[in-house]
Peer 1: 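One structure, as structure tokens, below. Some questions next.
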Amino acid sequence: MNSEDERPVYDPAAVEAKWQDAWRKQKTNETDIAGAKNPFYALMMFPYPSAEGLHVGNLFAFTGNDVYARYHRQRGHDVFEPLGYDAFGIHSENHALKTGQHPAELIPNNIRNFRRQLESAGLMVDWSRSLSTTDPDYYKWTQWVFLQMMNRGLAYKKKGAVNWCPSDKTVLANEQVVGGVCERCGTPVEQRFLEQWFFRITDYAQRLLDNLETIDWSESTKTAQRNWIGASHGAEVDFAVDGHANAHIKVFTTRPDTIFGATYLVLAPEHPLVDEIMTSGEADSVTKYRERTAKQDLVTRKSSTGKTGVNTGATALNPATGKQIPIWVSDYVLMEYGTGAIMGVPGHDDRDFEFATQFGLPIVRVVAGEGQDASSALEAAYTENDSGRMVNSGKFDNLTVAEAKSRIVEWLAETGAAKAVINYRLHDWCVSRQRYWGPPIPVIYCDKCGVVQVPEKDLPVLLPHIDDFKPDDSGVSPLARHEEWYRVACPECGASARRETDVSDTFLDSAWYFLRYPSVGDDTRAFDPVLTKKWLPVDSYIGGNEHAVLHLLYSRFVTMVLHDEGLLDFEEPYTRFRAHGHIIREGAKMSKTKGNIVNPDEYITKWGADSFRTYLMFLGGYEEGGDFRDQGISGTRRFLDRLWASVDTVTREGAEQAPTSPEVMRKLHQTIRKVTEDIPKLGYNTAIAAMMEYMNVLRKGERTPQREEVAPLVPLVAPFAPHIAEELWEKLGNSGSVFDSAWPEFDADLAREDNIELVVQVNGKVRGKVTVPRDITQDEAFAVAQKDESVAKFVVGAPKKIIFVPGRLLNIVV
RNA sequence: GCGGAAGUGGCGGAACUGGUAGACGCGCCAGACUUAGGAUCUGGUGGGGUAACCCGUCCGGGUUCGAGUCCCGGCUUUCGCACCA
């Protein structure tokens, strides 16, 4: 022990090493999954283990979840805080290609580095139940999930349009195409049609929408999902093609009220009816046009200005007017949305107006706004739909748009020409990838038996270790170059058959991982029903809002399907979801190109993990994020230094014994209340501020802090600064972990102020402050206030009105 | 274009259902202890004014005894989606 005036200094490195070691040895962070009495599943979106390692953005996110998890543990829950790695996917593959390493070697190294960094940050993660999506033990069950989709008729194969970079020889996602060229190499991107596997998520569109009402998620995330699903209420209208008895063109419209103004139809270039109906005179130009659009990349096509198109020469019957209208083909109509065909209403749709003007098609007004009538000229499309009356619409003239909408659909429905439908923006989920680094899709093609599932007993279909994993020109996966791998016996008839060589989308890996954590190690099933019932759905899910749509929607979908399959007794995976904010630095989002990435290692070394964690939670609202500044960490470190010193003072031999101060105890209980209330709301920055404020009160003046004043602060800071909390908890003479101790109780009697500062306003302006008993009445308060000079000065004559807010303010209106 | 979030000191940010704007922290200023201080401690710190006071939460209106907070109109930043019929 140190001599009399030399106090043991807070040495974060020593304290953190000691406790991380102790937690490991005593298995403090391992949850009793089977025996837990009061389970609480605190889930964090798992990271992609990049070669660059963990950056402060990741750590900010994880620490926020850790604080929440530790708090719940201190409040008596059996908390399970697992963490794994989302390690498959194009990101690792591209990095591997660039650096000339094999992803199978790269990933374990990255994971090791991540794990080291995460442990140094002191997360309460149960590492005994970690996983990586690249483990055969894991992706065996990803493949099993794929088979469940097939079993329920939700997986199918179809040709789909994709962006193809002829230089990188790979399929690109839409966001990888910038201005029509590949974002990586600048080569113009082509459109290709490839056979792809899809999941019928659109069958679940309405349920995915409706269930949003039942879950506790950030409103912004729910809104993003609603927009993504994009339900449009409208009608499907049938147009008979002249001279083709069986050819009908179905169009989707949200404006069936404008059908009298439909002067032409447009089919998407890919529409299957084009070949059948085009006249021989136009066949050449139509074919050329289709070839041209087929070459164009999807992004340019969707964003180009100006309209192009060709006439098919065929006509159709407008069921409302009985008139013949021409049928055109144009790339402004997309095959993926609605029916791939539209009715052109140039009078009331901007795009149709542009098209009709360009090609000289008739423009008819069927809605007249204020001051307009049936013959008012249209200089642009009139798209207002909440006011105005119908014109040029036969017996529907003079109705409002809303009335016309339902009446016209009813009328057309009588002859079967229309029906009301809801159309979704959501597309089916394309799950196949012509790449290497993913779980092989567990399907075998047999000439005799067709598409055959790999039997469950043969799972996993192992991803073979190949060196030529670079994608090529063929539009098929690199696995398709390995006959020794894909050539197999058909599981049904034994004949020579061929494996599917595509792998599945990374989003499938992450769509079910939360089901796996409690059952890690069980190689007989994807998830144990008893453990699943105990631990799921997830109590708290935290992650980035960049996954507001895809990941969160896909995992909801997969959960619903497994529920319908009878495998889960819930259909929503995450009871509560909160999106964390993002850390920026010098006003910009951290990125490698800006060179403002912060590696947490150096900060942890310099300041200690506890100070760093506390700083990250203090620099801004957890759901808003904040600006990272090196200098700021000194503030949280000082706070922990003072906490250390205070505990040292009260635990020293011969520490001065004195009565506690009522003011300090009052502030303590107010602090306990504040921290207890703020943490569940993720108000970490204000919780820390409250503790700092208390520390300032505690150290103010001459008196020595007392044990009862200091000790409760230790469990309060524990969620933020777990190592120092354990150390101080021990110094205070306690045994066991602070995380298995009780959270401090808030005592309302002790927290209550007897005297309050009452604000006195005159005409709404603050003129004075008086200290009065808490339960003072209006009359008493007024009497006291009048004695205040600065108030009295402004009160001339009898007040007109007095507003009294008990405990807060008195406003005298003169 | 559509949709979400947000604009508060030198900076990061507080402010419950309208009720003391600027908590807490950084930085800065002054002082104490020091050979020294980038350590620690104490005090100060929105702007103007000697002061009483006045002005201040993106801008312009409004409601109210009282508006950062509510309403109307506009501007800016930022993040999604985008020829979605």
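Within every chain, numbering begins at 1; the chains are lettered A, B, ... in the order of the sequence lines, protein sequences first and strands thereafter. Values below: every heavy atom of this structure, side chains too, minus hydrogens, waters and symmetry copies. For clarity, every value in this text was computed on a predicted model and none was experimentally measured.
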Peer 1: I'd like the P distance from B:C83 over to B:U63, given in whole Å.
Peer 2: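 Comparing P positions in B:U63 and B:C83 gives a spacing of 45 Å.
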Peer 1: Please state the P separation for the pair B:U78 and B:U64 - nearest whole angstrom.
Peer 2: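 These two P atoms come out 38 Å apart once rounded.
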Peer 1: Does B:G43 have OP1 or OP2 under 4.0 Å away from a side-chain N or O of A:Lys700?
Peer 2: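 Yes, A:Lys700 has a side-chain N/O under 4.0 Å of OP1/OP2 on B:G43.
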Peer 1: Check whether any side-chain nitrogen or oxygen of A:Arg767 sits under 4.0 Å from OP1 or OP2 of B:C54, and answer yes or no.
Peer 2: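 The answer is yes; a side-chain N or O of A:Arg767 sits under 4.0 Å from OP1 or OP2.
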Peer 1: Determine whether a donor-acceptor pair (one donor, one acceptor, N or O, separation below 3.5 Å) exists between the side chain of A:Lys800 and the base of B:C65.
Peer 2: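 Checked by distance alone, the answer is no.
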Peer 1: Between B:C79 atom P and A:Glu219 atom CD, what is the distance in whole Å?
Peer 2: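 Distance, rounded to whole Å: 22 Å.
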Peer 1: In whole Å, measure the gap between the P atoms of B:C70 and B:C16 for me.
Peer 2: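 About 11 Å, rounded to a whole number of Å.
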Peer 1: Does the structure show a Watson-Crick or G-U wobble partner for B:C26, both distances under 3.5 Å? Name it, or say none.
Peer 2: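 In the structure as shown, B:C26 has B:G10 as its Watson-Crick or wobble partner.
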Peer 1: Give a yes/no answer on whether the side chain of A:Lys765 brings an N or O atom under 4.0 Å of OP1 or OP2 in B:C55.
Peer 2: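 Yes, such a contact exists.
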Peer 1: Between B:U69 and B:A6, how many Å separate the two C1' atoms, rounded to a whole number?
Peer 2: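 The answer is 14 Å between these two C1' atoms.
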Peer 1: Ignoring backbone atoms, establish whether A:Arg629 has a side-chain N or O less than 4.0 Å from OP1 or OP2 of B:G13.
Peer 2: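 Answer no for this pair, as no side-chain N or O of A:Arg629 is under 4.0 Å from OP1 or OP2.
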Peer 1: Could you please name the partner base of B:U40, counting Watson-Crick and G-U wobble pairs only when both distances are under 3.5 Å?
Peer 2: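 Paired with B:U40, as far as the under-3.5 Å criterion goes, is B:A32.
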Peer 1: Contact list please: residues 677-692 of chain A against RNA chain B, heavy atoms, distance less than 4.0 Å, in numerical order.
Peer 2: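 Close to the strand are A:Asn685, A:Thr686, A:Ala689, A:Met692.
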Peer 1: Hey, does the side-chain of A:Arg808 have a donor or acceptor N/O within less than 3.5 Å of a partner on the base of B:C16?
Peer 2: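 Per atom types, the contact qualifies.
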Peer 1: Under 4.0 Å, counting only non-hydrogen atoms across every strand here, what does A:Val759 touch: a base, just sugar-phosphate, or nothing?
Peer 2: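 Base contact.
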Peer 1: Are A:Arg638 and B:U40 close enough that a side-chain N or O sits under 4.0 Å from OP1 or OP2?
Peer 2: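 Yes, within the criterion.
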Peer 1: So for A:Glu546 and B:G80, does any side-chain atom that can act as donor or acceptor lie under 3.5 Å from a complementary atom in the base?
Peer 2: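 When only heavy-atom distances are counted, A:Glu546 does not reach the base of B:G80 through any donor-acceptor pair under 3.5 Å.
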Peer 1: Rounded to the Å, how far apart are A:Lys307 NZ and B:C83 C1'?
Peer 2: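 From A:Lys307 NZ to B:C83 C1': 5 Å.
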Peer 1: Would you mind telling me which of B:A85, B:G27, B:U20 lies closest to the side-chain atoms of A:Gln631?
Peer 2: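 The answer is B:G27, which lies nearest to the side chain.
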Peer 1: B:G27 and B:U50: how far apart are their P atoms, nearest whole angstrom?
Peer 2: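 Between the two P atoms, the distance is 31 Å.
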Peer 1: Who is the Watson-Crick or G-U wobble partner of B:G68, with both distances under 3.5 Å?
Peer 2: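 When the pairing criteria are applied, nothing turns out to pair with B:G68, so the answer is none.
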Peer 1: Figure out the CZ/P separation between A:Phe618 and B:G25, and round it to whole Å.
Peer 2: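 So the two atoms are 7 Å apart, to the nearest Å.
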Peer 1: According to the Watson-Crick and G-U wobble definitions, with both distances under 3.5 Å, which nucleotide is paired to B:A51?
Peer 2: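 Result: none.
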Peer 1: Tell me whether the OP1 or OP2 atom of B:G4 has a side-chain N or O from A:Thr221 closer than 4.0 Å.
Peer 2: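 Looking at the OP1 and OP2 atoms of B:G4, neither is under 4.0 Å from any side-chain N or O of A:Thr221.
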Peer 1: B:C81, B:A21, B:A85: which one has an atom nearest the side-chain heavy atoms of A:Val766?
Peer 2: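 Shortest atom-to-atom distance from the side chain points to B:A21.
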Peer 1: Using OP1 and OP2 only, check whether a side-chain N or O of A:Lys769 sits under 4.0 Å from B:U20.
Peer 2: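 The answer is no; no side-chain N or O of A:Lys769 sits under 4.0 Å from OP1 or OP2.
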Peer 1: Take atom C1' in B:G3 and the same atom in B:C11, then report the distance between them in whole Å.
Peer 2: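 Straight-line distance between the two C1' atoms is 32 Å.
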